[in-house]
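We use all heavy atoms of the structure for the numbers below, so side chains are in, but hydrogens, waters and symmetry mates are not. So that the names make sense, note that chain A is the first sequence line, chain B the second, and so on, each numbered from 1.
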Protein chains: 2
Amino acid sequence: MAKVNRTRYAVLGMLSFRPMSGYEMKKYIDNSIIHFWQENFGRIYPVLRSLEREGLATKQVDQEEGRPVRHVYSITEKGRRELARWLLLPAERPNWRIELLLKLFFGSQVSVANMIRKVRSEKAFCRHTLETFQQLEDHIKSHESGTEIPYGLITLSYGQHYYRAVEAWCDETLERLRRFEGEGEPARSNGFGKQ
Amino acid sequence: MAKVNRTRYAVLGMLSFRPMSGYEMKKYIDNSIIHFWQENFGRIYPVLRSLEREGLATKQVDQEEGRPVRHVYSITEKGRRELARWLLLPAERPNWRIELLLKLFFGSQVSVANMIRKVRSEKAFCRHTLETFQQLEDHIKSHESGTEIPYGLITLSYGQHYYRAVEAWCDETLERLRRFEGEGEPARSNGFGKQ
DNA sequence: GCGCCCATGTAACTAGTTACATGATTCA
DNA sequence: TGAATCATGTAACTAGTTACATGGGCGC
């Protein structure tokens with residue numbers, strides 16, 4: 001199965017909302033979808049160029065008095081069709097690589113206190129993230145019209161469900177680990193038998 | 001910040017349980033941590049070699065009558081120290097790239113029926129995954145001794161919390177989307193104002 | 001004879017990150 | 001004067017995936 005360049009579609013999607021420059025787009029992304037999608041300049045700029053080359057976007061150079069030159073890109077009809085085509089394809093599921101869980105899985109190699117510390121730190125991160133989500137929610141709600149489909153709230157809600165679940169898991173895990181607190185000697189089994 | 005080669009530690013961690021070959025390790029991984037960590041042969045074999053070169057593992061060639069040759073690797077004391085050193089470092093948080101959410105975020109470019117289909121499919125996937133998790137849970141519980149720290153159950157529980165949360169989010173989202181069912185004309189706003 | 005499982009590996013590729021280079025303006 | 005922000009870009013790198021190559025044994 002041919003791998004698709006997803007940055008391409010992330011960028012195209014952003015342009016479907018309104019024309020913007022690469023720099024603006026990075027900020028837009030960091031304020032909206034950052035909790036499930038990241039992009040960096042090293043990819044945004046080359047992708048914008050290639051979209052232009054392929055006729056999926058057009059570029060206007062915007063020189064304002066005493067400001068750096070901005071390259072503002074707009075999506076074309078062809079670009080919109082290409083975006084829609086991709087949207088209809090089934091979404092590929094990500095391959096998770098969750099380092100915290102990998103470390104926990106091998107946790108018996110070190111003392112339980114170390115693992116407790118990691119889970120506590122994860123819980124703090126969840127709490128912090130949920131707070132910023134609350135602000136994002138307020139922001140979106142103050143901007144939405146009520147007649148549109150609230151896709152921004154929908155994707156945000158995923159994050160809220162996710163971090164609430166991780167927080168609950170942290171509590172459960174801390175409870176479990178505390179029963180073994182103080183045990184010094186690392187064991188070497190894990191509940192999985194011969195594979 | 002220097003990037004660490006995480007496959008290296010995944011492999012080292014697996015060897016910390018018992019000596020095994022690359023082929024066995026792949027199966028072990030696919031039966032235990034696959035829901036949060038994947039590895040493929042293209043990385044396992046080269047890493048095993050480099051671990052041996054660096055003295056973190058040793059290799060024995062195992063030739064059984066009428067069977068293919070197996071290269072069985074064992075972790076060394078140096079390897080165990082290197083694993084422990086890594087375990088104590090803070091876990092790096094993954095950069096999520098969840099394509100389903102990216103497509104939903106741009107959902108207003110196509111009809112709502114398409115997005116409903118995607119969310120339904122996600123829900124089915126959650127249900128299916130939770131069922132296989134149940135089997136895994138039974139398997140682990142039948143193998144664990146009760147005196148060890150249940151790290152296998154702990155990492156599994158993360159997955160269970162996660163997929164239950166996503167399932168709930170699917171229900172909530174379907175509810176939301178159904179209110180807009182039948183609306184044909186794609187809109188072009190998303191609840192995010194000027195950034 | 002065919003397909004599947006065992007078993008080890010390499011090569012080619014795509015994706016993604018980070019560091020660097022440049023230079024102007026604004027604000028403390 | 002120095003830091004932060006605006007703004008665009010490239011080069012070098014690491015990570016990760018997929019396809020391919022090889023070959024024996026086993027069951028249908």
Side-chain angles (χ1 to χ4, degrees), chain A residues 1-11 19-31 34 36-53 57 59-73 92-99 102 194-195, chain B residues 1-11 19-31 34 36-53 57 59-73 92-99 102 194-195:
Chain A
M1 176 162 36
K3 273 264 165 188
V4 296
N5 180 344
R6 295 130 88 211
T7 296
R8 204 180 139 82
Y9 294 98
V11 166
M20 57 183 105
S21 68
Y23 190 84
E24 271 182 286
M25 188 175 295
K26 176 72 162 73
K27 273 199 301 178
Y28 197 128
I29 288 172
D30 288 348
N31 284 316
I34 189 68
F36 63 86
W37 202 271
Q38 303 80 41
E39 292 295 351
N40 51 56
F41 289 127
R43 292 190 61 71
I44 291 174
Y45 286 122
V47 162
L48 279 171
R49 286 204 153 185
S50 76
L51 290 179
E52 196 203 357
R53 268 202 309 278
K59 179 167 90 174
Q60 296 131 260
V61 176
D62 177 11
Q63 171 70 83
E64 266 178 80
E65 178 68 29
R67 308 253 55 208
V69 174
R70 291 167 67 244
H71 297 182
V72 180
Y73 291 84
E92 299 273 317
R93 230 163 302 263
N95 285 346
W96 308 115
R97 296 196 98 184
I98 308 180
E99 216 177 279
L102 192 64
K194 196 88 178 168
Q195 297 296 314
Chain B
M1 177 163 32
K3 272 265 165 187
V4 296
N5 179 345
R6 293 129 91 214
T7 296
R8 202 180 142 80
Y9 295 98
V11 166
M20 58 183 106
S21 69
Y23 191 84
E24 271 181 285
M25 188 176 293
K26 176 70 162 75
K27 274 198 300 176
Y28 196 129
I29 289 171
D30 288 348
N31 283 316
I34 189 67
F36 63 85
W37 202 271
Q38 304 81 37
E39 292 294 350
N40 52 54
F41 290 128
R43 290 190 63 71
I44 291 174
Y45 286 123
V47 162
L48 280 171
R49 286 205 151 184
S50 77
L51 290 179
E52 198 204 356
R53 269 202 307 278
K59 178 168 91 174
Q60 294 131 260
V61 176
D62 177 11
Q63 170 70 83
E64 264 178 82
E65 177 68 30
R67 307 254 56 206
V69 174
R70 290 169 66 245
H71 297 182
V72 180
Y73 291 84
E92 298 274 316
R93 234 164 297 268
N95 286 345
W96 307 116
R97 294 196 99 184
I98 308 180
E99 218 178 278
L102 191 65
K194 197 88 178 166
Q195 299 294 314

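In this structure, B:Asn40 does not reach the D:dT18 phosphate: none of its side-chain N or O atoms is under 4.0 Å from OP1 or OP2.
Residues B:Glu99 and A:Glu92 share a closest heavy-atom pair of OE2-N, 3.2 Å. The two atoms that bring A:Phe36 and B:Leu102 nearest to each other are CE1-N, 3.5 Å, heavy atoms only.
By the 4.0 Å N-to-carboxylate-O rule, B:Glu24 lies close enough to B:Arg70 to be salt-bridged with it.
Rounded to an integer number of Å, the gap from A:Leu102 CG to D:dG16 P is 11 Å. The distance from atom CD1 of A:Ile44 to atom P of D:dA7 is 14 Å, rounded to the nearest whole Å. Between the P atom of C:dC6 and the CE atom of B:Met20 lies a distance of 16 Å, rounded to the nearest Å. Going from atom CD of B:Gln38 over to atom C1' of D:dA15 covers 14 Å, rounded to whole Å. B:Glu39 places its CD atom 7 Å from the P atom of D:dG16, with the value rounded to the nearest Å. A straight line from CD of A:Glu92 to P of D:dT17 spans 12 Å, rounded to a whole angstrom. With rounding to whole Å, A:Glu99 atom CD is found 11 Å from D:dA15 atom P. If you measure from atom CG of A:Asn5 to atom P of C:dG16, you get 7 Å, rounded to the nearest angstrom.
Checked against side-chain hydrogen bond (donor to acceptor under 3.5 Å, both in side chains), B:Arg93 has the following partners two or more places apart in sequence or in another chain: A:Glu122. In terms of the side-chain hydrogen bond (donor to acceptor under 3.5 Å, both in side chains) criterion, A:Asn95 has no residue partners (sequence neighbours excluded).
Separation of atoms NE2 (A:His71) and NZ (A:Lys59) is listed at 4.5 Å; rounding is to 0.5 Å. In this structure, NZ in B:Lys27 is found 10.0 Å from CG in B:Asp30, a value given to the nearest 0.5 Å. Going from atom CG of A:Leu51 over to atom OH of A:Tyr9 covers 9.0 Å, rounded to the nearest 0.5 Å.
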Atom pairs and distances, donor-acceptor, side-chain atoms in residues 39-49 of chain A, under 3.5 Å, two or more places apart:
from, atom 1, to, atom 2, distance (Å)
A:Glu39, OE1, A:Thr7, OG1, 3.0
A:Glu39, OE1, B:Arg97, NH2, 3.2
A:Glu39, OE2, A:Thr7, OG1, 3.1
A:Glu39, OE2, A:Trp37, NE1, 2.8
A:Glu39, OE2, B:Arg97, NH2, 2.2
A:Asn40, OD1, A:Gly42, N, 3.3
A:Asn40, OD1, A:Arg43, N, 3.3
A:Arg43, NE, A:Thr7, OG1, 3.0
A:Arg43, NH2, A:Asn5, OD1, 3.2

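You'll find that the side chain of A:Arg6 is closest to C:dG16, out of D:dC6, C:dT17, C:dG16.
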Write out a two-atom table: protein N or O, nucleotide N or O from nucleotides 8-12 of chain C, distance below 3.5 Å.
from, atom 1, to, atom 2, distance (Å)
C:dT8, OP1, B:His71, N, 2.7
C:dT8, OP2, B:Tyr23, N, 3.0
C:dT8, OP2, B:Tyr45, OH, 3.0
C:dG9, OP1, B:Arg49, NH2, 3.3
C:dG9, OP1, B:His71, ND1, 3.3
C:dG9, OP2, B:His71, ND1, 3.3
C:dT10, OP1, B:Arg49, NH1, 3.4

Problem set entry | Per-nucleotide protein contact string for nucleotides 23-28 of chain D (B base, S sugar-phosphate only, - none; heavy atom under 4.0 Å) | --S---
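A donor-acceptor pair is defined here as one N or O able to donate and one able to accept, closer than 3.5 Å; no such pair exists between the side chain of B:Glu64 and the backbone of B:Pro68.
Across the helix from C:dG1-D:dC28 to C:dA28-D:dT1, the helix axis at one end is tilted relative to the axis at the other end by 30° (nearest 10 degrees, each axis from five pairs).
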